[in-house]
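In what follows, a structure is listed as structure tokens, so that the remarks can point back to it.
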Amino acid sequence: MSAGARFVVRRLLRGLVTMWFAVTVTFFLLRLLPGDPALAVADPTMTEELRADLLRDYGLDRPLAVQYWEYLTQLAQGNLGVSFRQNQPVLDILLERLPWTLLLAGSALVVTVVLGIPLGVLAATRARGAVDRLIQIGGITGQSLFVPSVGVFLLYVFGVQLGILPIGGAMDDDVYGLAAYGSIAAHLVLPCLSLALVQLGSYVLTLRSTLIDALGEDYCTLARAKGLPNRRVVWRHALRNALLPTTTLVGLQLGFLVGGAVLTESIYAYPGVGRAIFEAVGQLDFPVLQGAFLMLAFAVIVANLLTDLAYGLLDPRVRTS
Amino acid sequence: MTEILEKGTTPAALPPSESVGRQTWQAFRRNPLGLASAAVLLLLGLVALAAPLIADYPSGYGEDVLASPSGAHWFGTDDLGRDVFAQVVWGTRVSIVVGLAASLLAIVIGVLVGVLAAYFRPADLVLGIIVDVSLSLPVLPLMILVAALAGPSVPTLVVVIALFSWPEVARVVRSQGLAVVPMPYVAAAHVVGGSHLWVIRKHVLPGVAPVVAVSVVLTTSRAVLSEAGLSFLGLGDPNSWSWGTILHQAQRSGSLATAWWTTLFPSLAILLLVVATTLLAVAYNDARNPRTR
């Protein structure tokens, strides 16, 4: 097998192991927690007999290993159970919501990178100067922001006081065609900005330090010695190499990004998976909570896999390491 | 015998640890940002301790509903007329207690796993995979699921947050431990017949102690953010106030966007605590590192 194929197989296996781990943790947490799963399904006034029936219906009277196998096979077929409150398969509910979460998280990621690269370059090329200090302090503060606080602040300023952007939802009901896209974009601005601001700090700080390291490398000294303009050394030589570890960090932080999306969607009533979680918490709808975690974990794992494979194509060092 | 060898294996160039501690403190004292952060944290700690002396416990109903900040109500009142200043003061207590307790629990688990992984190579493979894999999963939705199932309370929050925060600690401790374990003095400690437990206690743990110190600070601030997130979503302890609970109440009542004071002050409190802990960790790292001292 070639090195490239081995790399792809290894990454696929890794993704599978991660998903299996997420599923197994979920299964055992649900079964081992104090509190009878049957209590969660039914009200406490039911008779002992009815409860036994219920346990049998849900297969909860069988040995743990059997239940575990059953759980795995059901999940493999895409069966996430039925919502307690909406009497609808959890998968259907969540699939309807997933595109909005992907749109929100994806656009926030793009904004983070688009704003983060110039800021990181600015800080690294003026290392230890006043601008650098400012960006560093801003980065640390940004890392410390609480997503709902940022969300409420932006909502108050741009939605309530200035009234230039919608305060909630994902689009207006009565628009079609091009206007619909405009409406979606207008509704996306504030949630996306809230999420991007929270991500930006660590992105800029990491890019700054890797870029400073790269600028000290021999190949940059050589490029300067050859008389290349500084701008070209920074953007063409150093940045290319600094972006790789930085983007690896983005991959590692995808889980954090998804957590931020859950909070952001709750603030803006944005109809994604996060908002479904927020509603399910209020209604104690456990199948939806469980399904939402598994679906978000799956999305993160697939995104990680895709970025890893893309790197493998771009950077030969990744393939061989 | 072991005493002598132990002294013998310490290179003469390394000063005894008290003076390293003193040098760190000397450097730290010259950093205004670090001192300011320490002062802020001390102040928040005092507020948490002295909450009953500062404000009455916010409960029941007040007469002024959604009043903006004034002399009588410094931070205004919420939709039931309760004083927001009192909520923030009492919230400091729960937020800090949950943050600290969850962080300490996570540190204990994380250090144990991290040291084991660095010390016993076969364990490293399994533990390493577990840590890697759990770091790449979206933790907040998982915390939400478990907290919702276990029922909201302060102990639930502590355990749930700790349960999903230790892999980060384990990762940091493990990588530092991997640098300490192959050191000649660790090998020498084995040669003189030291048991595994003794070597870990006397040599490996002191070697990873500095990163653990930083970890305590950073894990606490992350735990405070996690607590705020869970409480904001309605999974906080219904019988006590925390900063996230104040935001949750504001969201639930619909005053989130109109009565800015119900959200601004708890938000500022969270920001203050997290920024101060982060800066403290940065300042400590700088002070400890001879190159940046």
Side-chain angles (χ1 to χ4, degrees), chain A residues 14 17-18 20-22 25-26 29-30 33-35 37 40 136-137 140-141 143-150 152-153 155-156 159-160 167 251-252 254-263 266-267 273-274 277-278 280-282 284-286 289-290 292-297 299-301 304, chain B residues 33 129-130 132-152 160 163-164 221-222 224-226 228-230 232-235 243-244 247-248 250-252 256-260 262-264 266-279 281-282:
Chain A
R14 196 196 160 96
V17 167
T18 313
W20 168 79
F21 183 80
V25 164
T26 313
L29 278 176
L30 292 181
L33 273 175
Q136 275 193 70
I137 291 177
I140 288 176
T141 315
Q143 272 182 311
S144 315
L145 290 172
F146 182 49
V147 190
S149 302
V150 182
V152 173
F153 175 76
L155 190 131
Y156 184 73
V160 178
I167 59 167
L252 286 176
L254 279 177
F256 179 69
L257 176 76
V258 165
V262 170
L263 294 168
S266 307
I267 284 279
V273 177
I277 290 181
F278 178 69
V281 165
L284 293 179
D285 197 340
F286 299 116
L289 288 179
Q290 177 203 317
F293 163 65
L294 290 174
M295 180 166 281
L296 292 175
V300 166
I301 290 167
N304 254 328
Chain B
L33 229 45
I129 288 176
I130 292 181
D132 270 4
V133 158
S134 41
L135 280 176
S136 65
L137 290 174
V139 177
L140 186 68
L142 192 54
M143 285 191 195
I144 292 169
L145 173 64
V146 177
L149 273 166
V160 167
L163 197 61
F164 300 111
S221 72
R222 267 193 224 112
V224 167
L225 281 178
S226 299
L230 289 173
F232 169 73
L233 292 172
L235 290 166
W243 296 330
L247 291 171
H248 172 70
Q251 154 105 337
R252 195 190 42 74
L256 197 70
T258 44
W260 54 267
T262 55
T263 51
L264 177 69
S267 297
L268 281 182
I270 297 173
L271 184 66
L272 203 61
L273 180 109
V274 180
V275 169
T277 46
T278 313
L279 287 177
V282 171

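Reminder, nothing fancy here: chain letters follow the sequence lines and each chain counts from 1.
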Per-residue contact mode, [X] against chain B (heavy atom under 4.5 angstrom):
X: L257(A); answer: neither
X: F256(A); answer: neither
X: A22(A); answer: both
X: L29(A); answer: side chain

Could you grab the distance from atom [atom1] of [X] to atom [atom2] of [Y], nearest 0.5 Å is fine?
X: I277(A); Y: L145(B); atom1: CD1; atom2: CG; value: 9.0 Å
X: L247(B); Y: I267(A); atom1: CG; atom2: CD1; value: 7.5 Å
X: L225(B); Y: S144(A); atom1: CG; atom2: OG; value: 7.5 Å
X: T263(B); Y: Y156(A); atom1: OG1; atom2: OH; value: 8.5 Å
X: L33(B); Y: I140(A); atom1: CG; atom2: CD1; value: 7.5 Å
X: F293(A); Y: I144(B); atom1: CZ; atom2: CD1; value: 11.0 Å

R14(A): partners by salt bridge (charged side-chain N to carboxylate O under 4.0 Å, His left out), with sequence neighbours left out: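 Salt bridge (charged side-chain N to carboxylate O under 4.0 Å, His left out) check on R14(A) returns D132(B).
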
Test log, rule side chain to side chain contact (heavy atoms under 4.5 Å, CB included), inputs W260(B) and V152(A): CA-CA 9 Å; W260(B) 54 267; V152(A) 173; over 6 Å; no

Chain A interface, residue from V274(B), L142(B), T278(B) that has the most non-hydrogen pairs under 4.5 Å: L142(B)

Top contributor to chain A contacts, counting heavy-atom pairs under 4.5 Å, from A147(B), A228(B), P266(B): A228(B)

For a quick test of reading the model, state the closest non-hydrogen atom pair linking [X] to [Y] and the distance between them.
X: I270(B); Y: F146(A); result: CD1-CD2, 3.6 Å
X: G259(A); Y: L140(B); result: O-CD2, 3.4 Å
X: P141(B); Y: L296(A); result: CG-CD1, 3.7 Å
X: F232(B); Y: L263(A); result: CD2-CD2, 3.9 Å
X: S136(B); Y: V300(A); result: O-CG1, 3.3 Å

Those residues that, when tested against S149(A), pass side-chain hydrogen bond (donor to acceptor under 3.5 Å, both in side chains) (two or more places apart): S267(B)

Most chain B-contacting option - heavy-atom pairs closer than 4.5 Å, from G274(A), A297(A), A299(A):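 Among the listed options, the one with the most contacts to chain B is A297(A).
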
Flag, side chain of Q251(B) to backbone of P148(A), donor-acceptor distance under 3.5 Å: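 No; judged by distance alone, with no hydrogens or angles, the pair does not exist.
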
Test item: V262(A) and L233(B) side chains (from C-beta on) under 4.5 Å apart, heavy atoms: yes

Heavy-atom contact with chain A under 4.5 Å, split by part of V282(B):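 V282(B) touches chain A through side-chain heavy atoms alone.
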
T277(B) portion near chain A, given a 4.5 angstrom heavy-atom threshold: neither

